[in-house]
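Sharing a structure here in structure tokens format.
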Amino acid sequence: MDPRRKLAFWNDRVSESLTPLISEPVDVRDFNGSISQVSIDDMSLAEVYSDAQTVRHSQYHVSRTKQPTIFLQLQLDGDSLTRQDGRESILHAGDFALLDSTRRYEIKFTGSNRMLVLSIPDRTLRRQVGCPETLVAVPMPCDRGANKLLSQLLRGYWSECYRGLERHTGSRISGVILDLIAAAYADVPQAMVDRSSLGTAHRMRILNYIHAHLHDPELTPTRVAVACRITSRYLHLVFSDQEETVARYILRRRLEGCARSLQSSAHRNRSVTAIAFDHGFNSPTHFGRVFREKFNMTPREFRREKVGE
């Protein structure tokens, strides 16, 4: 018998902080399940198998949460019903939804099933998605747009992991995964985010606009404010409780995009300057200076270290 199917193995994995999604089967005596896991930068991706079962993340588990984490649960086989914050999402194969480890939730598996669980540190996802806590248990069907692309990417990536995917590939693909998550949730109707405050709603709209225009060298906080029909003062007020100003957020996202391109073999024959211009920079000197401040090396040194050029 596969040791991953044994109850003792499952209980050991349940207690590990890396897979806090699976918290406590309602009837552990009858529970049959397994977990396999890989790392993707500061995230992790796990395949979870179980028989029909109800799993609850109670207040006790919330109190033991060491690091606020957002889970993206993607159904592979079977169906599931997830409840959090008064919402319910029914997932079929390919569909996905978010969960927040800092609040209670319940997952009901109606039969034998497999699920992919992407664990993302809250601080990491919050850089791409304005207020992920307002999007929990919103069902995301896999039949269209960015939802379909994200679902296919995660399933394909997991399959390749079993074929011996090189470890450094995870680092390169993490940014793509986060960008697709941001794109998918940018299209969620505001009516579904019914628990968000006005400030939260504005912040989501601001980040969505920035994401769509990040490669435009004319993108500035003033332009963002005008496009979102708010004052510059209010724009900065919305960001006042965040770790970054609007300008620093735009700069970081551009630098991260440049870093991904510099270490990608697809951009091997493109110059550093061309890559910088692609991501909204219009001065090679300025780009070189801010890149070095963030990564402690020049863009060319970064490329040489990552791809050996």
Side-chain angles (χ1 to χ4, degrees), residues 70 72 96 98 118 120 123-135 138 140-154 172-193 196-239 242-262 264 266-267 270 274-283 286-287 290 294:
I70 301 295
L72 188 150
F96 59 90
L98 296 180
L118 180 66
I120 314 170
R123 66 179 184 277
T124 298
L125 184 59
R126 198 170 292 277
R127 293 174 177 175
Q128 316 291 109
V129 178
C131 302
E133 70 276 6
T134 68
L135 299 167
V138 173
M140 305 291 280
C142 66
D143 59 349
R144 58 183 178 272
N147 294 9
K148 184 176 182 179
L149 292 174
L150 177 59
S151 181
Q152 291 174 338
L153 174 62
L154 287 176
R172 295 179 177 179
I173 204 170
S174 62
V176 178
I177 292 173
L178 290 169
D179 283 343
L180 276 177
I181 293 174
Y185 282 95
D187 294 331
V188 173
Q190 185 59 40
M192 299 183 73
V193 193
S196 62
S197 66
L198 181 60
T200 296
H202 280 312
R203 178 170 158 77
M204 292 177 66
R205 187 156 56 94
I206 290 164
L207 292 183
N208 290 340
Y209 180 85
I210 291 173
H211 182 269
H213 298 84
L214 199 58
H215 298 168
D216 183 351
E218 300 301 320
L219 181 67
T220 62
T222 299
R223 180 167 177 178
V224 172
V226 171
C228 294
R229 298 182 181 180
I230 56 177
T231 66
S232 294
R233 183 174 181 274
Y234 184 71
L235 172 69
H236 294 295
L237 179 63
V238 170
F239 269 72
Q242 305 300 314
E243 296 179 356
E244 300 170 303
T245 64
V246 182
R248 294 299 298 179
Y249 176 81
I250 293 172
L251 177 61
R252 176 179 58 78
R253 291 296 310 278
R254 285 173 169 166
L255 288 171
E256 290 172 348
C258 289
R260 288 195 295 271
S261 294
L262 286 169
S264 170
H267 294 271
R270 305 194 66 235
I275 289 173
F277 283 7
D278 281 349
H279 290 85
F281 292 97
N282 54 18
S283 166
H286 171 68
F287 169 66
V290 295
K294 179 171 178 60

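Heavy-atom basis, side chains included; hydrogens, waters and symmetry copies ignored. This one's a predicted model, so the numbers in the text were calculated from it and none came from an experiment.
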Quick one: are Leu235 and Pro221 in side-chain contact, heavy atoms under 4.5 Å? yes
Atom of Ala182, atom of Val129 and distance for their closest heavy-atom approach: CA-CG2, 3.9 Å
CD1 of Ile230 to NE2 of His236: how many Å apart, nearest 0.5 Å?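 Rounded to the nearest 0.5 Å, the CD1-NE2 separation comes out at 9.5 Å.
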Can you tell me which residue pairs pass the side chain to side chain donor-acceptor pair (under 3.5 Å) test with a partner in residues 142-153, sequence neighbours excluded?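 Sorted result for residues 142-153: Ser151-Arg155.
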With rounding to the nearest 0.5 angstrom, report the OG to CD1 distance, Ser264 to Ile275.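 Reported value, rounded in 0.5 Å steps: 8.5 Å.
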Listed by chain and number, what are the side chain to side chain contact (heavy atoms under 4.5 Å, CB included) partners of Ala212, not counting sequence neighbours?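 With sequence neighbours excluded, Ala212 shows a side chain to side chain contact (heavy atoms under 4.5 Å, CB included) to no residue whatsoever.
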Sequence-distant partners of Ala186, side chain to side chain contact (heavy atoms under 4.5 Å, CB included), two or more places apart: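 Once residues adjacent in sequence are excluded, the partners of Ala186 under the side chain to side chain contact (heavy atoms under 4.5 Å, CB included) criterion are Asn208.
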What are the two closest non-hydrogen atoms of Tyr185 and Met140, and how far apart are they? OH-CG, 3.4 Å
Mind checking whether Leu178 and Ile120 have side chains closer than 4.5 Å, heavy atoms only? yes
Those residues that, when tested against His211, pass side chain to side chain donor-acceptor pair (under 3.5 Å) (two or more places apart):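 None.
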Side chains of Gln128 and Glu256: closer than 4.5 Å at any heavy-atom pair?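 A side-chain contact exists here, since the closest heavy-atom pair is under 4.5 Å.
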With sequence neighbours excluded, what pairs up with His215 under the ring pair (Phe, Tyr, Trp, His ring centres under 6.0 Å) test? His279
Could you list the residues that satisfy ring pair (Phe, Tyr, Trp, His ring centres under 6.0 Å) with Tyr209, not counting sequence neighbours?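 Only His213 meet the ring pair (Phe, Tyr, Trp, His ring centres under 6.0 Å) criterion with Tyr209.
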Would you call Glu133 and Leu125 a side-chain contact if the rule is heavy atoms closer than 4.5 Å?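 Counting from C-beta outward, Glu133 and Leu125 never come under 4.5 Å.
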With side chains defined as the heavy atoms from C-beta onward, is the minimum distance between Val238 and Val246 less than 4.5 Å? no
List in chain and number order the residues that pass ring pair (Phe, Tyr, Trp, His ring centres under 6.0 Å) with Phe281, two or more places apart in sequence or in another chain; answer none if no residue qualifies. Phe287
Across all chains, not counting sequence neighbours, the salt bridge (Lys or Arg N to Asp or Glu O under 4.0 Å) partners of Arg123 are none
For Arg254, what residues pass the salt bridge (Lys or Arg N to Asp or Glu O under 4.0 Å) criterion, not counting sequence neighbours?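 Arg254 satisfies salt bridge (Lys or Arg N to Asp or Glu O under 4.0 Å) with no other residue.
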Is there a side-chain contact between Ile70 and Leu135 in this structure, where contact means two heavy atoms from C-beta onward sitting under 4.5 Å apart? no
Can you confirm whether Leu98 sits close enough to Val138 that some side-chain heavy atom of one is under 4.5 Å from a side-chain heavy atom of the other?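 Answer no - side chains too far apart.
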Using a 4.5 Å cut-off on heavy atoms from C-beta on, say whether the side chain of Ile177 contacts that of Leu72. no
Can you name the nearest heavy-atom pair linking Phe96 to Ala184, along with the distance? CZ-CB, 4.3 Å
Among residues two or more places apart or on two chains, list those pairs meeting salt bridge (charged side-chain N to carboxylate O under 4.0 Å, His left out) that have a residue in residues 210-226.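 Those involving residues 210-226 are Asp216-Arg223.
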Side chain to side chain donor-acceptor pair (under 3.5 Å) with Thr124: which residues, sequence neighbours excluded? Asp42
Kindly compute the distance separating CG (Leu251) from CZ (Arg248), expressed to the nearest 0.5 Å.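 Going from the CG atom of Leu251 to the CZ atom of Arg248 covers 5.0 Å.
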Does anything in residues 227-237 form a salt bridge (charged side-chain N to carboxylate O under 4.0 Å, His left out)? List the pairs, not counting sequence neighbours. none
